[in-house]
Each structure stands twice: as C-alpha cells, then as structure tokens.
Amino acid sequence: MDHITHTVADERCDIYFPTHDDDIGQFFDFLAQGHALLGFDTEGTGLDIYTAKHQLRLVQIGSATEAWVLRVDMFRDAICKALRQDRQYVAHNAPFDCLVVDRHLGVKLEDLMPRVMDTRLMGHLIDPRNKLEGGQGLRLKDMCAVYVDPAAPDTESDLTAVFNSMRMTKSSGWARIPINHRTYVTYAGLDPILARRLVTPLSKIIMQQGLGNLSTFEHELQYLTTLMQRKGILIDVPYTERLKVELLNEQDQFCDIAMDLGLDNVNSPQQVSAKLIAMGEELTERTKEGAVKVDRAVLLQLAALNQQWERISGREPNMVADAVVRAKRAGKWAETYAQSFLDLRDPFDRLHPGINSMQARTARMSINSPPLQQLPAREWKVRRSFIPDPGQVMIAVDFQAVEMRVLAAVAEEYIMQQAIASGLDLHSFTAERVFGANFTKEHRQIAKAVGFGKVYGGGAETISRQTGADIPSVKQALVAYDRTFPGIRRYSYKLIERMKSGGLFEVVTPIGRRLPVDEDRLYAATNYVVQSTARDLFAKAIVRIFKAGLGDYLLLPIHDELLGQAPVADAQDVVTEIGKLMESTFMGVKIQSSPKVVGSSWGAAYGAPEDLPTGVVERVGRRKKPGTWDQEELDVFSLL
DNA sequence: ACGATCACG
DNA sequence: ACGTACGTGATCGTG
C-alpha cells in the first residue's frame, strides 16, 4: 500500500493507493465507517469513452480527508461493490464519470446516477459565469479556490505539466503516465476529496438562495440527458465516407482555383483580405480587434451571391471571393462534421455526443464532440449521415416560436398574446400592422427579423445587415413594432431600471433562476429572461416525456426541438404523444409544438431523398502548384 | 493561447 | 441622450 499525505485547507488528508490484493480490506474498513456521502472520480486514457481503444485506469473514492485511489485492473470487484452500496456520491461533472463506469464496469447509470450530486451543476445555479466573465468559474479548480482553499492545486493542468516534462502530450499523457506515478496518484486522490469538500458550502448557498428545488430538478434532467448520451445515435458510415470525399474534392477544386488566381491559403483571413484589396476591392468592415473583416457575409457580397448562395446582379462577381467561400464551406463541412462523425463513432457506428444539460449563462444546453446542435440546416447533406436504428424512423417535435411566446408572456404584451391566442402567424400579423394589409413576403421577413432583433436587443443597423433590407425601412419597422407591441419596450425598460436603482446587476426568471447581467450590457437582460425561460420550458418537457415512459424514443435535444426515433408502425402515435407532452400554458400563453415523422434519416427533415445511389467516390486531390506546369499544360495556357 | 471564422437555435 | 443582436462549439492560422 502506498500512502501519501497532502494538505487541503490547512487539514491533513490521506491518500491510499493499494498495491497488493490484501490491501483492499482496509478500503472496506473505510467504507464501513458509514459515510453517507463520498466524493467520486475516475481517470482513464482519454475523453473518448466510447471508442474501442478507451480504457478506464483508476477509480477514486474519498471523504473530506481520506481518498482511495483504486486500480481498475486489480480491484474491479471492490470498486463495483463500493459504487453499488446504498450511499450518495458527489462528482464534478458527474455525467462523464457515471458514463465511464457504466461502460467499463457495468455499474449502470440507472443504479448510480440518481444518487450522484454534481458540483458543476450546483456551481452553475449559484453563478453561471466562467472566470473571464467575472464569475467564480465552473472548473473544479475555480470553484475550490472560492469555496474550499485558495491554494487548492489545479490537478488537471498541473498533471499536464508533468506529462509535458515526461515528453508526453496532454492527450497521450492520460494513457501513458505510469499508473503508480506519485503525482498522478496524488492528484487522482485529491479530486474526490475536493469534490466532497466543495459540496458542503455549495449546498448551503443553494438552500440560502431558495434554489433547492431547482437543484433537484437539474440533477434529474442531467440524468435524463445522460441516458440520451449513452444511447447515442446511429451513423450511416458508407454515406458519411462518401460525403467526406465529395466535400474534400470540392474543397480542393476551389483551393486550386484560388491558387490559380494568386491566393495560397483560403483559410488565412490575412492573405484573403490582402489579395482582395490588391484586386481593388474596398473592404470597409473591421473585426473587433481592428483587422479587415472577410467573413462569409463580406465574401458573398463580393461574389455577387445572396444569403441563399444564388447569384445576383448588380456587380461583377469576384472569383477569388467566390472560390474562398466555397472552399471554406466544403472544408468546414468535411472536417468539423463528416470527419468527426467517423472519428468519434463507437464500434457499433453510434455517436455519443457530450450533452451538457446546463451550460450557457441562460442555462441553455450545449452539445459537443461533435457539435450536433450546429449542423448545417439549409442543406440536408450533413444531417443525412444520421439514421434511425433498423426498423425505426426519425421523428422530431419543435416548439412553435417559443421565444416570442415567452416574450409575450413575461412582458405581459397583450396585443401579442391575442395574436398568438387567435392562431395567427405572428410575423405576418406584425407585418400587417407595420406595413399594411398588402404586405409582401419581404415585409414578413423584415417583421420576423425585427421580432428577433427585439428579443436579442439589436438595432436597425444589425437587422439591416442580417436581412439585407435598407436601414430606413428597418427603422420604420422598429418604430411601428414598438407602437404595435408597447409591452416589450416597457418590460425591457423596467428590467433595466430595476437593476440600476437596486445596484444589483442580475435578473430573476419566472422560475426563480438568477442570471447575472453585465453592467455595460444591461440591454441583454430581456434576452436572458426569454432565452432562459424558453430553455426551462424545454427542460420540463423532457422530464415529462421521460415520466410518461417515452424517454427511450429521444435522441437529441436541440434548444427547441427534440429529435427521436420510433418503430415504423408506431411512429405517428409516438410523435403525437411526445408533441402533446411538450405543450403547456405558460403565464396564460399557449406553448405549442409541431410533431413530425421525419423519415429514414435526419436529413429527410431538410429534403433529403429517402434513397441515395450507392457507390464509392474517388479522392481527386490537389493539382500541382503554379510554377510546376509541364509543357502540355503550358501549351494550353498559351492558347488562352 | 487567442483571434477570426463559421455552423446552429 | 443614444444605441448596443443573444447563446453556444470546432477549426484554422498565427505568433
């Protein structure tokens, strides 16, 4: 048995690392002391817990002063036994560790997770901001520095330094560092001690602030999204392989064109702006840091393309700008989407994206590895990669204009509430009030953008840039909007005045969530309340769906849309039932949903055909660089 | 490590 | 006095 002592908050802590089979008896003596709540953490070879190569190395269990660092290869049964005992655990970012032991030890989520508290979740309820934004931060180290011990070690980044000193990278270090390395064992042992210490002050603050029920709800929700993460979603691998090659070929083709026109690297904003300026283009927009802005909007305009990528008249298209936007889009889709789907899939071709049930300042969820909330939506090609299990079809349920409905409710905007209650299309209703009975499709588009602009706190210039509408008509629409819906402006004003007079820069949402507001961006308060409340309605719907026994049909939460799958014969019934469970009345305003049977892939919701031709596409590759032409090619050039 | 960019609701 | 577009995650280039 190795024994290491360490000091946390001026108290001696013991870390035990059993090295012989006989040592484990003392671990059970420790468990027999009857701690009702213990810290829990794991160390594995990486974050990719569903890949075939991933391995679990250590499981750590500890009280406030004593930790046991257990090798999985030696003490598997003891670890399982301990985790299954009737006791609460606390972990920092519980979904990860719970999924790890579910996958590697067979200690199922259903058994363990309802007994695990998460210090990250609790910290988020107290202050959702990271350190840069002025909050306490949500990393274990950040929170311990505030609530446990300012000198608490940053176990993760300190270990990274150890890896580097041993000539390992951050990613390889977790797999390669000797399992009995003293620093590794020490830091592994400190994590459950820190989590256990952290939970006491956090609980106290949560109770003081009346957030106890919300904390219970968020832990429940987190368990459900973790079930969704474990289930995962099936990938059409042959399709995705082909898509990747097609996209890479497209990227190469447009990189070649850019190269011929004298641009080396389409991904370098510096090179792109220099080239365009040299061609005589006038680039007036600047980034926050003052660099010449050459984002997609700027490039599309130079390429004489509208926001739907259709060629427009009015100017000669700049073919460099055209090649750059096309190459960048193809490259992004190939790398961030197709390639990452293939890299991150499990041996059964399923993807298990990280679902963070409470991430944004407004508590909105996020999804990472890969970012499935951000797949291209105007085209079906990327979403076509996601298919239901055999015998099933994709289903989806959307909230209908939920943020506008929440806004109408919280702002007590009765005209808007009436428009919603009468079943009118809200943006058409606005367009009619603003532009008259003969409003056009473009007018509706402006009205819609102004509606979002109001929710986000935007001004005429931004809305104009977004929609392409000229500033005077946007201004006119904004004025008419305020006249039509006076409650919105009044509500926003009220929130800001209350913060200014009270000197307390936060808003409290209708369900009692406290959201800090930056003092120099008070206008964001309305958006925070609206976005956060819409998220909470969505979260409650997820809990209702699971309580009704339909949770197993769900695959992904996407802010205001639930994606799922169901057996072909039942799909219509299932999606209708889920749709009903998503509906509610919030402060007198109806929250409605649109259930749909999507089809044989997620892409079917965006126009993908049910069947695609099969076959392999060959990778073409880049042409040679200019200056390396052979004679035949030079002959062709001389003819041009 | 950080800025710029691009993908979404 | 006025006006401010909100929230994410991933990749690439750059220093």
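Within every chain, numbering begins at 1; the chains are lettered A, B, ... in the order of the sequence lines, protein sequences first and strands thereafter.
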Expected output: side-chain A:H124 to main-chain A:A360 donor-acceptor under 3.5 Å: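 Here the side-chain-to-backbone pair exists.
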For the backbone of A:L140 and the side chain of A:H92, can you confirm whether one donor and one acceptor N or O come within less than 3.5 Å of each other?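 Checked: pair present.
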Nucleotide of [options] approaching [X] most closely (side-chain heavy atoms):
X: A:N527; options: C:dC12, B:dA7, C:dC6; answer: C:dC6
X: A:D560; options: B:dG9, C:dG15, C:dT8; answer: B:dG9
X: A:N368; options: C:dG9, B:dC6, C:dT8; answer: C:dG9
X: A:Q271; options: C:dC12, C:dT14, B:dT5; answer: C:dT14
X: A:K293; options: B:dT5, B:dA7, B:dA4; answer: B:dT5
X: A:Q374; options: C:dT4, C:dT8, C:dT11; answer: C:dT8
X: A:R361; options: C:dG15, C:dG13, C:dT8; answer: C:dT8
X: A:W333; options: C:dC12, C:dA10, B:dA7; answer: B:dA7

Using a 4.0 Å heavy-atom cut-off, does [X] contact any base of the nucleic acid, only the sugar-phosphate backbone, or nothing at all?
X: A:R383; value: sugar-phosphate
X: A:S369; value: sugar-phosphate
X: A:I367; value: sugar-phosphate
X: A:Q531; value: base
X: A:V294; value: sugar-phosphate
X: A:T462; value: base

Any side-chain N or O of [X] below 4.0 angstrom from OP1/OP2 of [N]?
X: A:S366; N: C:dG9; value: yes
X: A:N265; N: C:dG13; value: yes
X: A:Y528; N: C:dC6; value: no
X: A:S268; N: C:dC12; value: no
X: A:R521; N: C:dG7; value: yes
X: A:T287; N: B:dA4; value: yes
X: A:K328; N: B:dC6; value: yes
X: A:Q359; N: C:dG9; value: yes
X: A:Y337; N: B:dC6; value: no
X: A:R364; N: C:dC6; value: no

Between [X] and [Y], do the side chains contain an N or O donor and an N or O acceptor separated by less than 3.5 Å?
X: A:S428; Y: A:D425; result: yes
X: A:T533; Y: A:T509; result: no
X: A:D264; Y: A:Q271; result: no
X: A:R405; Y: A:Q592; result: yes
X: A:S366; Y: A:Q359; result: no

Please produce a list of atom pairs where a protein N or O lies less than 3.5 Å from an N or O of nucleotides 1-3 of chain C.
none

Which whole-number value in Å describes the distance from [X] [atom1] to [N] [atom2]?
X: A:D295; N: C:dC12; atom1: CG; atom2: C1'; value: 16 Å
X: A:F341; N: B:dA7; atom1: CZ; atom2: C1'; value: 11 Å
X: A:K332; N: C:dT11; atom1: NZ; atom2: P; value: 8 Å
X: A:L478; N: C:dA5; atom1: CG; atom2: P; value: 13 Å
X: A:L351; N: C:dA10; atom1: CG; atom2: C1'; value: 14 Å
X: A:Y523; N: C:dG7; atom1: OH; atom2: C1'; value: 12 Å
X: A:K288; N: C:dT4; atom1: NZ; atom2: C1'; value: 14 Å
X: A:L375; N: B:dA7; atom1: CG; atom2: C1'; value: 8 Å

Please report the closest heavy-atom contact between [X] and [Y], naming both atoms and the distance.
X: A:Y337; Y: A:Q374; result: OH-O, 2.7 Å
X: A:M365; Y: A:T225; result: SD-CG2, 4.4 Å
X: A:M499; Y: A:E506; result: CG-O, 3.6 Å

Is it the case that atom CD in A:E133 sees more than 12 heavy atoms from other parts of the structure closer than 6.0 Å?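 Counting neighbours around CD of A:E133, more than 12 heavy atoms of other residues, nucleotides or ligands fall under 6.0 Å, so yes.
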Nearest-nucleotide 5' precedence on DNA chain C, A:T336 against A:M365: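 Taking each residue's closest nucleotide, the earlier one in sequence belongs to A:M365.
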Say you pick atom C1' in B:dC8 and the same atom in C:dA5; how far apart are they, in whole Å?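 16 Å, rounded to whole Å.
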Under the criteria of a ring-centre distance below 5.5 Å and an interplanar angle below 30°, is A:Y456 stacked with the base of C:dC6?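 A:Y456 ring centre within cut-off of C:dC6 base, planes near parallel; stacks.
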Ring-face cation of A:R329 near A:W309 (centre distance under 6.0 Å, axis angle within 45°):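 Yes, A:R329 and A:W309 form such a contact.
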Please, what dot-bracket string fits DNA chain C when only Watson-Crick and G-U pairs with both distances under 3.5 Å count, crossing ones use [ ] and pairs to another strand use |? .....|||||||||.
Do the ring planes of A:F386 and A:F341 sit parallel (below 30°), tilted (30 to 60°) or perpendicular (above 60°)?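 It falls in the perpendicular class, over 60°.
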